[in-house]
Number of protein chains: 2
Amino acid sequence: MRPTLADVAAKAGVSASTASLAFSGSGPVSDATKERVLAAAAELGYGGPDPRARSLRRGRSGIVAVVLAERVRAAFLDPVNIQMLDGITEGIAPLGAGLLLLTDTGEEGGNAVGIESAPVDAVVLIGCSPRVGRSVEVLRRRGIPSVAIEGAVGEDIPEISIDNREATRRGAEYLRDLGHTDVAIVTLPFDAARTRGPLTPELERGSTADTASERLRGARDVFPEISGRVAATSSIEEGREAGKVLLTVPAHRPTAIIAQSDLLATGVVLAAEELGLSVPGDLSVLGFDGIRVDGLQHDLTTLEQPSVDKGRAAGEAVVSMLAGEPPASRCFTSTLHVGDTTAPPR
Amino acid sequence: MRPTLADVAAKAGVSASTASLAFSGSGPVSDATKERVLAAAAELGYGGPDPRARSLRRGRSGIVAVVLAERVRAAFLDPVNIQMLDGITEGIAPLGAGLLLLTDTGEEGGNAVGIESAPVDAVVLIGCSPRVGRSVEVLRRRGIPSVAIEGAVGEDIPEISIDNREATRRGAEYLRDLGHTDVAIVTLPFDAARTRGPLTPELERGSTADTASERLRGARDVFPEISGRVAATSSIEEGREAGKVLLTVPAHRPTAIIAQSDLLATGVVLAAEELGLSVPGDLSVLGFDGIRVDGLQHDLTTLEQPSVDKGRAAGEAVVSMLAGEPPASRCFTSTLHVGDTTAPPR
DNA sequence: GGGGCGGCTCGAATCGATTCGACCGTAGAA
DNA sequence: TTCTACGGTCGAATCGATTCGAGCCGCCCC
């Protein structure tokens with residue numbers, strides 16, 4: 001058996017309470033006693049108070065969960081997510097808590113630790129679908145503060161978002177003002193199944209992804225008849241594929257493409273160039289996010305969103321909720337960055 | 001007060017033990033009773049057993065910690081780390097555990113949850129310095145299985161590594177066989193302070209980074225007099241800066257540069273091209289890792305290491321240690337991938 | 001010398017669930 | 001009819017630490 005605090009206390013000739021005081025540092029303990037306890041601990045090979053017991057008693061575990069909508073590798077492919085993660089880290093810094101990575105991939109398999117069974121103090125949901133509703137209900141019951149970034153999951157949980165629709169509209173207006181009328185779109189996936197393919201009314205109607213829907217609405221505000229492709233995820237590769245399909249219909253080739261993420265936009269640019277089209281000469285491309293895509297030769301025209309701020313806001317939100325303050329949603333605004341991937345149509 | 005299992009049991013008219021059985025599913029409970037308990041729980045707004053209490057009693061928390069050597073954002077900049085993370089996820093899948101992200105950034109500040117105070121079942125250290133030695137000692141005392149990836153941290157903790165020295169040597173030999181004699185190197189940082197600058201004997205001597213040291217040795221095996229620059233981190237930007245410095249000394253410009261990571265190598269390629277040098281015509285560049293750098297026009301000549309496998313092996317190692325099996329180290333081998341960034345010198 | 005006060009230490013309750021062995025009633029077997 | 005077996009339930013101990021109020025002791029001051 002591994003030694004416990006009680007063993008250490010016994011060895012040091014003090015009570016368990018005193019030994020606890022000696023370890024936690026707080027509370028009045030004479031130096032002599034403290035030293036005796038520490039010595040006893042060292043001798044017994046005691047590794048300090050068990051975090052499990054401590055967290056039960058204290059009611060805090062020092063862990064904040066981050067729930068991703070997709071598997072870890074996929075999520076981290078997009079720098080936006082990493083930036084948000086970084087922001088969250090900053091936001092919860094006063095808590096000194098660790099980040100527990102969880103994924104919202106359908107039901108939890110068997111013994112899998114999910115949102116419901118992890119000893120966490122708070123939860124940040126990133127881009128989660130309403131599918132997590134049931135889990136969120138459990139969190140509410142347990143009184144675990146939760147915040148959602150981009151994704152409405154429940155009434156009383158605050159949401160950190162951006163002006164997806166308005167931002168996209170501004171971008172679309174910019175394209176229109178340049179003279180574009182023939183515009184296509186490459187969207188993020190609409191459902192949990194991440195169906196790839198043409199943009200159909202069914203897909204739109206069955207959408208569980210607010211971000212994709214809102215950005216699409218913004219585009220429709222300016223180009224009501226816009227059509228396009230739905231990507232399976234936010235990646236350069238997906239963008240390239242979608243771009244190829246959209247651009248190899250010469251009869252009706254668009255003069256501009258709105259992509260719902262910079263990664264997708266980058267893919268579209270690459271697809272265009274592979275097809276011998278010049279950007280922005282033959283094709284204008286508008287992105288979304290404002291990340292710097294490593295290696296892309298262009299300065300993407302895009303809607304810059306404050307990813308790190310979003311993460312930080314989410315972190316700060318759970319901190320204040322943990323402190324008993326009421327939850328507060330927050331909406332950031334994006335700004336149009338005009339780069340060199342947009343120009344008037346030929 | 002939030003309801004507890006006892007409250008639910010009372011409401012349902014059963015004992016706490018029976019209620020527990022009803023929730024955990026295991027154990028013989030009549031359907032009628034189970035239903036009554038669940039109904040009582042629903043009525044009371046009970047959110048299921050408290051994970052904290054459960055983990056204390058069971059002795060397992062369902063959480064595996066991953067300790068990174070640098071802050072989250074920095075670590076995830078390098079795809080190698082993400083790949084390893086993904087591998088770890090696969091490796092520990094049978095555990096169904098969540099991944100707790102922790103960083104080894106010096107001492108733990110105040111209330112910060114560190115390796116020592118987090119309720120984890122196992123720990124995977126990634127590229128950590130011996131600085132974590134003290135924490136590892138605590139883990140040993142607590143009997144928490146630990147594994148290190150690339151970084152010797154203690155005698156009895158198994159290490160998952162690759163043949164850093166031999167691999168680099170093979171790469172260097174390849175360069176030598178191509179005819180290069182004037183070769184420089186861009187290394188990963190040698191110390192926790194991440195000092196950037198020229199490669200000096202002091203830096204080398206004070207190294208706490210095995211990976212950088214071993215790869216350097218491998219290069220020295222072939223080019224004993226090799227000199228170069230130390231980067232502050234593995235990134236394209238750092239590689240570019242180092243490359244610029246190395247290549248703007250025309251009097252003694254190297255014909256080949258060995259970079260200790262693909263990100264650094266990419267930066268070197270970009271630096272060369274910015275200076276009007278052609279790769280591989282004027283300069284050969286050798287990388288390390290075998291990641292596909294998004295957007296780089298070249299097919300990097302590099303030493304491919306099995307990152308995902310490393311992560312998976314680490315995950316499997318902690319799983320087997322958790323099952324009581326003795327720890328086992330493992331060393332993978334890297335293979336030279338010849339791309340289009342190396343050629344004989346002019 | 002007595003009262004009071006302050007600093008340290010101790011007991012005991014508590015956090016919330018899990019689990020093992022005991023117990024009970026009934027049904028089937030001998 | 002009695003014994004066995006078994007499904008179902010309950011009590012009580014346990015996991016390991018924290019915390020609050022009480023108590024003890026010594027010292028200072030009147």
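Given the structure is predicted, the values throughout are model-derived calculations rather than measurements. So you know, we letter chains A, B, ... as the sequences are listed, proteins then strands, and number each from 1.
- With D/dA12, D/dG16, D/dT9 as the choices, the nucleotide that has an atom nearest any side-chain atom of B/Val29 turns out to be D/dT9.
- Identified under the side chain to side chain donor-acceptor pair (under 3.5 Å) test for residues 35-44 of chain B, with sequence neighbours left out: B/Lys11-B/Glu43.
- Side-chain atoms of B/Arg141 come within 3.5 Å of backbone N or O of A/Tyr46 as a donor-acceptor pair.
- Side-chain atoms of A/Asp50 lie closest to D/dG16 of the nucleotides D/dG16, D/dG8, C/dC10.
- A/Leu38 contributes atom CG, which lies 7.5 Å from atom NZ of A/Lys34 (distance to the nearest 0.5 angstrom).
- Listed pair A/Ser17 / D/dA17 fails the phosphate criterion, with no side-chain N or O lying under 4.0 Å from OP1 or OP2.
- Residue-level contact check: A/Pro28 touches the bases, meaning some heavy atom is under 4.0 Å from a base atom.
- Regarding B/Arg60, its CZ atom lies at a distance of 17 Å from the C1' atom of D/dG16, rounded to whole Å.
- Per the geometry, CG belonging to A/Leu5 stands 17 Å off P belonging to C/dA12, to the nearest Å.
- The nearest whole Å value for the distance from the CZ atom in A/Arg58 to the C1' atom in D/dG16 is 13 Å.
- If you measure from atom CZ of A/Phe23 to atom P of D/dA17, you get 9 Å, rounded to the nearest angstrom.
- In this structure, CG of A/Leu56 is placed 14 Å from P of D/dC15, rounded to the nearest angstrom.
- Under the 3.5 Å distance criterion, the side-chain polar atoms of B/Asp121 are left unmatched by any main-chain donor or acceptor of B/Val64.
- When all heavy atoms of B/Ala19 and B/Leu5 are compared, the pair lying nearest together is CB-CD1, 3.7 Å.
- Proximity of A/Arg52 to the phosphate of D/dG16: no side-chain N or O atom is located under 4.0 Å from OP1 or OP2.
- One atom, CD of B/Glu35, and another, P of D/dG8, lie 14 Å apart when rounded to the nearest Å.
- Distances shown here put a side-chain N or O of A/Arg54 below 4.0 Å from the OP1 or OP2 atom of D/dT18.
- One can place CE of B/Met1 at 10 Å from C1' of C/dG16, the figure rounded to the nearest angstrom.
- In this structure, B/Ser20 reaches the bases: a heavy-atom distance under 4.0 Å links it to at least one base atom across the strands shown.
- Between B/Val14 and A/Thr18, the residue anchored nearer the 5' end of DNA chain D, judged by the nucleotide with its closest heavy atom, is B/Val14.
- Two end axes, each from the C1' atoms of five base pairs, can be drawn for the helix from C/dG1-D/dC30 to C/dA30-D/dT1; they diverge by 50°, to 10 degrees.
- Close to D/dA17, at under 4.0 Å from its OP1 or OP2, lies a side-chain N or O of A/Tyr46.
- In this structure, B/Thr33 reaches the sugar-phosphate backbone alone: every heavy-atom distance under 4.0 Å involves primed, P, OP1 or OP2 atoms, never a base.
- Rounded to whole angstrom, the span from the CG atom of A/Leu21 across to the P atom of D/dG16 amounts to 20 Å.
- Checking D/dA17, D/dG8, C/dA17 against every side-chain atom of B/Arg57, the shortest atom distance belongs to C/dA17.
- When each of A/Leu99, A/Leu102, A/Val66, A/Leu100 is tested with A/Val120 by the rule side chain to side chain contact (heavy atoms under 4.5 Å, CB included), just one qualifies, namely A/Leu100.
- With hydrogens and angles left out, the side chain of A/Ser15 and the base of C/dG11 share no donor-acceptor pair within 3.5 Å.
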Report task. Kindly determine whether B/Ser17 and B/Ser20 satisfy side chain to side chain donor-acceptor pair (under 3.5 Å), including the steps that lead there. Result -> CA-CA 5 Å; B/Ser17 13; B/Ser20 173; over 6 Å; no
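- Checked by atom type and distance alone, the side chain of B/Asp86 pairs as donor or acceptor with a backbone atom of A/Arg73 at under 3.5 Å.
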